[in-house]
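First the proteins, then the strands, lettered A, B, ... as listed; each starts at 1.
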Amino acid sequence: MNHHDLLQAVDRLPLIDHHVHSVLEREIDPAEFALLLTESAEAAPNGTSHLDSQAGFALRRHCAPLLGLPRHIGAQAYLEERSRLGQHEVARRLLRASEVSVSLIDTGTVGGETDLASNTAFAALAGHEVGEIVRLESVAEGLLGSGIAAESFPAAFRRAVAEASLEAAGFKSIVAYRYGFDFEPAPPSDSETIAAVRGMSAAARRRLEDPTVLRFLLWTGARSGLPLQLHAGYGDADLDLLRCNPALLMPWLRLIPRSGSPIMLLHCYPYHREAGYLAQVFPHVYFDLGLGINYSGAASTAIIREGLELAPFGKLLYSSDAWGLPELHLLGARLWRAGLSAALQEFVDRGEWSTGEALRVAELTCSENARRVYGL
Amino acid sequence: MNHHDLLQAVDRLPLIDHHVHSVLEREIDPAEFALLLTESAEAAPNGTSHLDSQAGFALRRHCAPLLGLPRHIGAQAYLEERSRLGQHEVARRLLRASEVSVSLIDTGTVGGETDLASNTAFAALAGHEVGEIVRLESVAEGLLGSGIAAESFPAAFRRAVAEASLEAAGFKSIVAYRYGFDFEPAPPSDSETIAAVRGMSAAARRRLEDPTVLRFLLWTGARSGLPLQLHAGYGDADLDLLRCNPALLMPWLRLIPRSGSPIMLLHCYPYHREAGYLAQVFPHVYFDLGLGINYSGAASTAIIREGLELAPFGKLLYSSDAWGLPELHLLGARLWRAGLSAALQEFVDRGEWSTGEALRVAELTCSENARRVYGL
Amino acid sequence: MNHHDLLQAVDRLPLIDHHVHSVLEREIDPAEFALLLTESAEAAPNGTSHLDSQAGFALRRHCAPLLGLPRHIGAQAYLEERSRLGQHEVARRLLRASEVSVSLIDTGTVGGETDLASNTAFAALAGHEVGEIVRLESVAEGLLGSGIAAESFPAAFRRAVAEASLEAAGFKSIVAYRYGFDFEPAPPSDSETIAAVRGMSAAARRRLEDPTVLRFLLWTGARSGLPLQLHAGYGDADLDLLRCNPALLMPWLRLIPRSGSPIMLLHCYPYHREAGYLAQVFPHVYFDLGLGINYSGAASTAIIREGLELAPFGKLLYSSDAWGLPELHLLGARLWRAGLSAALQEFVDRGEWSTGEALRVAELTCSENARRVYGL
């Protein structure tokens, strides 16, 4: 079985995107398109472009043909054809071509955006099953924004999480963005949580940054039994990269119950080796390479191979973390399959692995691990 | 000279494993076997296995044929044949097939395990020379556990180290596990050390975690003149990975005498690039990639190549850090030779190095550096 | 277009070295030569040599033929021929063979060295244009050493920077060496700066280490409008590597004006992935791989590929950071062109990029980005 054959076999495997967002339903102009293709919130400086990047090149390579254009077409021609077809048709084509089987969609709001397709609309566009990942901070901010009394908050939040558990596939926390992973690991008592909520301004209730309350959310999520996703590593300029190193979670990972929620470390780049270590030594830790793949395009192969170093193969999952642009959904899936195949083929070519082992690892990481952990 | 030839030449070079542990003498059941093949102390979660990992695959590739089984045989069949042959025969075969010339064995105890082969028994099994690496914390815990008076401790420890120096090849410290590398760099005075010992409970005397006393051990070791090994980076879930980054040692490395002990940084993954930097700028710093190789199996080639970036070639050594399972001894040696050959061959193929240079670096890192530093 | 063709095309591109130092004019004996080929300030231990390193091997591969010697010649023969030709002739040959178009020379003093070629002499030797990068700490130390009154310092420094701006291509700060990147991000007021200067001894005025004054320099540089270079990551044993991680700059990068100076992160190894992230999310951040390339020789290809992961291609530049030895100037240029070509060719070979895209990225990173940012 040569590389082409292995890639073809991997291309036919079911693929579960265990952490993704929906697509925008409205039309997108070129300036907004560029900003959706980067984690930067600011325009590129004069003479440069966010599209002159691995993601931009990958897009012209992989998405252009699905819009009826030649590979490597110029960015402007791509954007013109995209605009002619319209966001709905582009989304339909790219989501279907990504050949994902199940998407677990994080429905937490980002910047008040309201034009994202509903999960039902996404499922119709993509032609595949969806599940929901509930963001803990959004649930808490909903309660706090409704004016709930501080002393009612802990019980109300636990009730909300229990109710969400009936429908959700899992939970997510963005504590990495709101504080960092260097939080006090022990669970706060209800009275500590109540005291922290009591001191909050209206603005602080709308955007949770209090470390005591964030820890209360995390501990509640980790006791829910459902998988708890944590953004780790790379993201937009709001976070403090060094405080998003998942190795900072070690004291907390030692304390939380092993029989509780599996902890799903998302993205992790450039700390994916640290994440692989955590996935080896802690039975309740899993990880993916998410965002680090779409955004590194042709260079993602090396990152995927690094993700295959220390972690047991039952602990690595696929996600795209795509948001808004269906191009990111397509790129995530294509680059993952290609990079995974290339890494596995290298092991086979050097005589270290059998082809059967390579396929088995592809099956585990493409869908079986997600199916087992999320109970799909 | 093609890759096959270079690999063959490297396969014939003497190999010194400058940091390794002994093998278990008792039989090992499948559950224990799985735990010995990981740095995790906990069973793998349902539906996963510690054997579905790079180390597990490498074992089936490299060890199975030495047990008379086909390459890539299933894990269960491997364990059955292993059990039929018995630990003694398996150890004999795998240790001999590892073609190591000298093993420097860390004789510090791990978890009270008493069934490890003595150094003499190991030498007989392996058919090669052994030397001893004395663990500083074990020496100190021996003295403290005997009930020595606090004020006698510093002199008694220095005497014990001086006596051990007559026989030992080197010393080792696990300060990375017991505290971290972010310790106060200056040497404590004897009176500070005595005061720290005076405050210790019986439990604290049996398991040293006091940073003042640990620093006293380190400084005594660094003044012994013998090589002082320091566990760095990756290890079991007990350590705090970020505090095991060897770059944290810079203030201490600046203070200790250059004419004292060579400092041998062990493993270092995922901070092996940091270790290579330290080995370039400090004359008394050496390093290896140890544990990071066995546990990354087919993916270890890239790690070995990263180890060949900044450090002068007189500063990189080989170790397996194998413990208990002779499979780890064999894998360390096989994967090191294969990965080193692959990296060197790549440099030759691109026209950057001559074959003679590649062989010279192989000789240095496989045995000459160890021979020179340890005076073997 | 095969790899050879792409390398040839890249070899013909103009190359701007946006951060480099001059060459020594005096003769260099073998002991000094060895120390100039490493970031270590100390002799290599017995039995080892700083020349047994990637840089040493690369030198024999790439520089020996330019001295009329065979590739891979022994180090001693190289040094003898070098000495016979003399530093001036060697510099002339190697600087010209590096085929650099423009060098931006950091004229800050290092260890009181006075035998460096002037920029005019360097330009004559190299046969190409030069520009000057003014080191902020040197400007401040000049003022402070002249005995300026504390209360006059802020205005005088701003005036000196404004005057230097008329001629200089950019500024540089070595705050990474003198303090670390974990400084208080906000700008100090003039009165805070004055208070800090007032407390300084004569020695402290000659070697600035006060964090308040260093921040004042940085903020002044960042408001100059000219590119501000910051040493980041790897360097000599004086720095604290972990405190040179450019990710520590995030709070400061958020505060400084976007319309002010572009921030040029130099070297960055082993934190070049962190630098690529910063270059993606902050419009005013650029980076290079400098020193990490010359010193990793044949292994630099992987580092260059890692530099092509997250950053937009308009944000990566070339520098050699060569100092003293013209061999380092030549190696920087040769290894950059070779490693860049190899990385780009890999993307083309896997069908991910077009050849046109590869060439475009080569043009951007070799010279166009520098030309745009420095206004050359």
* Structure fact -> Shortest non-hydrogen pair, Thr48(C) vs Gly314(B), comes out as CG2-O, 3.9 Å

* Asked: Are a donor atom and an acceptor atom from the side chains of Glu309(B) and Tyr269(C) found within less than 3.5 Å of each other?
  -> yes

* Structure fact -> Most heavy-atom pairs under 4.5 Å with chain C, out of Leu310(B), Leu308(B), Leu278(B), belong to Leu310(B)

* Asked: Can you tell me how far the CD1 atom of Ile303(C) sits from the CZ atom of Arg273(B), to the nearest 0.5 Å?
  -> 5.5 Å

* Considering only heavy atoms, which portion of Asn369(B) lies under 4.5 Å from any heavy atom of chain C: side chain, backbone, both, or neither? -> neither

* Any donor-acceptor pair under 3.5 Å from Ser40(C) side chain to Val281(B) backbone -> yes

* Exam field: side chain Tyr277(B) to backbone Pro270(C), donor-acceptor pair closer than 3.5 Å -> no

* Proximity breakdown for Ala43(C) and chain B, heavy-atom pairs closer than 4.5 Å -> backbone

* Structure fact -> Per-residue tally against chain B (heavy atom, under 4.5 Å) across His50(C), Arg61(C), Gln54(C) peaks at Gln54(C)

* Heavy atoms only: give me the nearest Pro45(C)-Tyr286(B) pair and the separation to one decimal. => CG-OH, 3.5 Å

* Please confirm whether Phe313(B) and Phe57(C) have ring centers closer than 6.0 angstrom. => yes

* To do: Please say whether more than 12 non-hydrogen atoms of neighbouring residues, nucleotides or ligands are located less than 6.0 Å from CD in Glu32(C).
  => yes

* Between Gly351(B), Gly356(B), Pro251(B), Gly276(B), the one whose heavy-atom pairs under 4.5 Å with chain C are most numerous -> Gly351(B)

* chain B contact via Arg60(C) - side chain, backbone, both or neither, heavy atoms under 4.5 Å -> side chain

* Which atoms form the tightest heavy-atom contact between Leu239(C) and Arg254(B), and what is the distance? -> O-NH2, 2.7 Å

* Region of Val373(B) that comes under 4.5 Å of a non-hydrogen atom in chain C -> neither

* Hey, what do you get for CG (Leu241(C)) to CG (Leu249(B)), rounding to the nearest 0.5 Å? -> 12.0 Å

* Contact winner vs chain C - Glu346(B), Arg258(B), Glu357(B), Glu306(B), heavy-atom pairs under 4.5 Å -> Glu357(B)

* Looking at CD of Glu352(B) and CZ of Arg71(C), how far apart are the two atoms once the value is rounded to the nearest 0.5 Å? -> 8.5 Å

* To do: Indicate yes or no for a side-chain donor-acceptor contact from Gln280(B) to the backbone of Glu39(C) under 3.5 Å, with no hydrogens or angles considered.
  => yes

* Heavy-atom side-chain contact between Glu274(B) and Tyr234(C) under 4.5 Å -> no

* Against chain B, label Ser49(C) side chain, backbone, both or neither, depending on which of its atoms sit under 4.5 Å from a heavy atom there. => backbone

* What's the spacing between Asn46(C) CG and Arg372(B) CZ if we round to 0.5 Å? -> 9.0 Å

* **Atom group of Leu248(B) that falls short of 4.5 Å from chain C, counting heavy atoms** => both

* Asked: When you look at Glu42(C) and His284(B), which way does the side-chain hydrogen bond (donor to acceptor under 3.5 Å, both in side chains) test go after all the steps?
  -> CA-CA 10 Å; Glu42(C) 303 180 60; His284(B) 51 327; 5.8 Å; no

* Asked: With no hydrogens and no angle check, is any side-chain donor or acceptor of Arg350(B) less than 3.5 Å from a backbone partner on Ala298(C)?
  -> yes

* Provide the closest heavy-atom pair for Ala237(C) versus Met250(B) in the form atom of the first, atom of the second, distance. => O-CE, 3.8 Å

* Structure fact -> Between the CG atom in Asn245(B) and the CG atom in Leu242(C), the distance rounded to the nearest 0.5 Å is 5.0 Å

